[in-house]
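Structure first, commentary second.
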Amino acid sequence: MNLTIGFVDLLIIVAYFYLVLCIGFYFARKGKTSTGYFLAGRSVEWWAVGASLFASNISSEHFIGLAGTGAASGLAVGHFELLAVFCCLTLGWVFVPFYLRSGVFTMPEFLERRYGAASRWYLTTVSVIAYVLTKISVTLFAGSLLLNQVLDWDIITSCLFLVIATGLYTIAGGLGAVIYTEVMQTIVLVGGATILTGMGLYQLGGWNELAARLDPGHFNMFKAIDHPDFPWTGIIFGAPILGIWYWCTDQFIVQRTLGAKNINHARSGAIFAGYLKLLPLFIMVLPGMIAAALYADINGDKAYPALVTRVLPSGLKGIVIAGLLAAIMSSLASCFNSCSTLITMDVYKKIRRRASERELVFFGRFFTLVIVLLGIYWIKFIPLLSGELYIYLQSVQAYISPPIAACFLFGVFFARLNGKGAFCSLILGFILGALRLILELLYKMEVKAGVENIQLPESLVQFMSQFSLANLGAKLNLTANLPTYSLGDLTHTLLVQPAASLGMSDQLNEGFIWLATINFLHFAILLFGVCTVVLFLISFITRRPLPEKIRGLTFRTAKEHPMGETPMAGEELPPVQTWSWLQIFFSILAAALVGAIWYIFR
C-alpha cells in the first residue's frame, strides 16, 4: 500500500522532526544533575505531565490494534481506553502523594522503601527485561508495519530510522526532552487522528450511514460473559487490574509524575491524562469501523492505513503521518529513558553508592545509548516476528502484572503487609503467569498442528533444540547418554506420566486445557486473587514491618515524614499540597463522562 507524498506533506514531516530535535537538544543543556536528567529537575507543570502520560501510552500498536479490532468487532475494545480514565484518577489521588513524598526516582526504589531490597531487585529485573524484549520490539514491529503500509518503507529501514531519530534527543536531553517533545507530539497525533476521523465520516456520509452499514453489535460495548475477547466480567473486574499496574506502578508511565513540580501538579496532570484517554475511542477505534464500512476489502490491521491512503488529500496526509511518527517515537523515547533510569538508579547507583552527579548523568546517557543500540540490534529480528507472536509479546506483560499491582495497591492501604509476603506474592505470580503463557503457546501450537500441517521456521526449531537434555549434556561435557527429550517431552515425563499412574491424567489434561484457554482477563482476576491471598497470608504469619520503615508510605502513616534521605544532598522533597475542589470537580466529571459513554453504547 503506497502513499504518494506531496511537497506540502514533506514540509510538514520535516518541520515535525526539526521541532522534535530542537526541543530535545534544548533540554540537553539542563540535564546537569541526576534529578535534572532523570526527573526533569522536578519542575514539570501539570499540562506537560498529562500530555506526556498520554503520548507515552499511545503508540503504533494503538493505531493498528484499536482500529483493526474496531473494524472487526466494534467499540468494545475501547473499554481499555475508558477504564484508563479511572486508572489515571487512581494514580493522581492514591499513589502520587506517596511517590512524591518519598522522593524516589523509580518504582522499584519505592517498592524497596515499602517492602525491602528483594522486591526492588525483582521489579527492576522484570521491568528492564520486559522493556527490552517486549516494549521496544513490539513498538518497532508495529511501527514498521504501519510505515510499510502507509509509506511503503521496508521494515529494516523503518526500524533503523525510528531508533536513531528517537535515540538522538533522548540521549541528549533525558526526561525533560522526552516530556516536552511528547507535549508537541500529543498535539500532532491528536490533531492528525481527529482530521482523519472527520474526513472518513464525511466521505462515508455521516454517523447515520455508519450505523446503517455496520452490524448493530459493533456499537454495543458490553459483551456476553462467554465472549472470547471482551467478556463483561473480564472488562469490569480484570482490565482494571492490568490498568493499575500499567498506569500506577510502571516506571514507563509513572516517571512523568515523579518529575512534577509538586503533588498538585502531578495529580492535575494525571486527571488531564484521564480526559485525553477519552479520545482514542473516537479517533482510533472509530476510524477502524469507518474503514470497514467504506471498503469491503479491508480487514483487521489494514483498517487505519487504508483510511490514510484512500481518504486524505495532499497536505493533510503530512499531518497524519507526522501524528503516526509522533506516536511511535514518543513510546520509544519513554522506553529508552525509563530503561536508562532503572539501570542507573536501581543498579549502577546501588553498586557505586558514592557516584557523583556528573557520573550519574554520564552513565545515564551511556545506558540510554546502550538501550538504543539494543534497539538497533533487535532490528534484524523484526522481520521474523509474526502478528501472532506480537500478541504473545503483549500478553507477557499481562501475565506478570497482577502480583505487582497487588503489592503496590494493598501496600499503601495496609501497613501490616511486609517484605516476605510481597516477595512470595511476586515470585508465585511470576511462576503462575509463566506457566499460563507456556501452556497457551503449547496448546495453540497443538491445535494448529491438528488442523493443518504447519512447518515451523527453521530458526524456531534450532532455538527449541537448545532445550533438549542431550544438547545440554553435551555443553556440560557429560559422558552419560542422556535421552533426547524436548521441553514438551520433559513436561510429559514430569507431570503427565505421574498423573496417569495415579489415575488423574484426564483431570490434569482438562486442568491444563482450562488454564491455557481461559480468557486472559479472567486469568488476571484469578492471578490477582491468588497473589493477594499469599501477600496477606505470609505477611500475617511473619513479623510485622518496623514502624520507622513504613513512615509516610501508607495511609495510616501518611502524615509522618518518610524514612531515608532525600534523593540528593541539598534537595528538598516536593512540598505537600492539599487537594482542591477544582480537582475533585474534574475527577467526578471525567468519571461521569465515562459512565455516559457506557450508557449510550451499552
Side-chain angles (χ1 to χ4, degrees), residues 1-4 58-82 142 145-152 189-224 227-232 235 277-321 323-324 327 387 391 593-594 596-602:
M1 192 178 295
N2 193 9
L3 177 62
T4 303
I58 299 299
S59 187
S60 47
E61 58 261 34
H62 279 76
F63 288 98
I64 286 182
L66 290 181
T69 307
S73 57
L75 294 174
V77 70
H79 273 301
F80 296 99
E81 306 305 305
L82 297 181
L145 285 182
L146 199 59
L147 293 180
N148 175 260
Q149 294 178 25
V150 172
L151 297 176
D152 202 29
L189 73 88
V190 169
T194 302
I195 289 171
L196 183 63
T197 303
M199 294 292 294
L201 269 178
Y202 176 79
Q203 183 165 327
L204 181 63
W207 182 269
N208 291 336
E209 186 64 24
L210 176 67
R213 294 194 188 187
L214 295 180
D215 185 276
H218 274 60
F219 298 90
N220 297 331
M221 295 192 69
F222 289 92
K223 305 295 183 181
H227 191 275
D229 299 314
F230 309 112
W232 70 266
I235 291 294
K277 286 300 290 180
L278 293 170
L279 299 178
L281 177 67
F282 303 102
I283 64 176
M284 294 175 192
V285 179
L286 189 59
M289 299 170 62
I290 294 171
L294 279 174
Y295 312 115
D297 60 324
I298 293 300
N299 54 53
D301 294 346
K302 296 182 180 179
Y304 201 89
L307 281 186
V308 176
T309 56
R310 301 184 188 186
V311 170
L312 294 178
S314 179
L316 293 181
K317 291 176 184 176
I319 297 176
V320 174
I321 293 172
L324 298 178
I391 295 172
L593 289 174
V594 173
I597 293 172
W598 275 341
Y599 179 78
I600 293 170
F601 298 109
R602 61 191 182 279

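In this structure, the side chain of Asn220 does not engage the main chain of Phe222 through any donor-acceptor pair within 3.5 Å. Distance alone, capped at 3.5 Å, is enough to place a donor-acceptor pair between the His79 side chain and the Met221 backbone.
By the side chain to side chain donor-acceptor pair (under 3.5 Å) test, Asp297 is found to be paired with Arg310, residues two or more places apart in sequence or in another chain being considered. For Trp232, there are no side chain to side chain donor-acceptor pair (under 3.5 Å) partners at least two apart in sequence or on another chain. Evaluation of the ring pair (Phe, Tyr, Trp, His ring centres under 6.0 Å) rule for Phe219 yields Trp207 as partners, not counting sequence neighbours. Remark: Phe80 engages no residue in a ring pair (Phe, Tyr, Trp, His ring centres under 6.0 Å) (not counting sequence neighbours).
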Please tabulate, one pair per line, all N/O donor-acceptor pairs under 3.5 Å involving side-chain atoms of residues 66-73, not counting sequence neighbours.
from	atom 1	to	atom 2	distance (Å)
Thr69	OG1	Gly65	O	2.8
Ser73	OG	Thr69	O	3.1

Run the side-chain donor-acceptor check on residues 281-290: report pairs under 3.5 Å with partners two or more places apart or on a different chain.
none

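In terms of heavy-atom proximity, Leu324 sits nearest to Tyr304 at CD2-CE2, 3.7 Å. The nearest pair of heavy atoms linking Thr194 to Val190 is OG1-O, 2.7 Å. Residues Lys223 and Gly217 come closest through the heavy atom pair NZ-O, 2.8 Å. In plain terms, the two heavy atoms of Gly323 and Leu189 that are nearest each other are O-CB, 3.5 Å.
Arg602 CZ to Ile600 CD1: the interatomic distance, rounded to the nearest 0.5 Å, is 9.0 Å. Taking CE from Met199 and CG from Leu204, the interatomic distance works out to 13.0 Å, rounded to the nearest 0.5 Å. In this structure, CH2 in Trp598 is found 9.0 Å from CD1 in Ile235, a value given to the nearest 0.5 Å. Expressed to the nearest 0.5 Å, how far CG of Leu278 lies from CD1 of Ile597 amounts to 5.0 Å.
Tyr202 places none of its side-chain heavy atoms less than 4.5 Å from the side chain of Val311.
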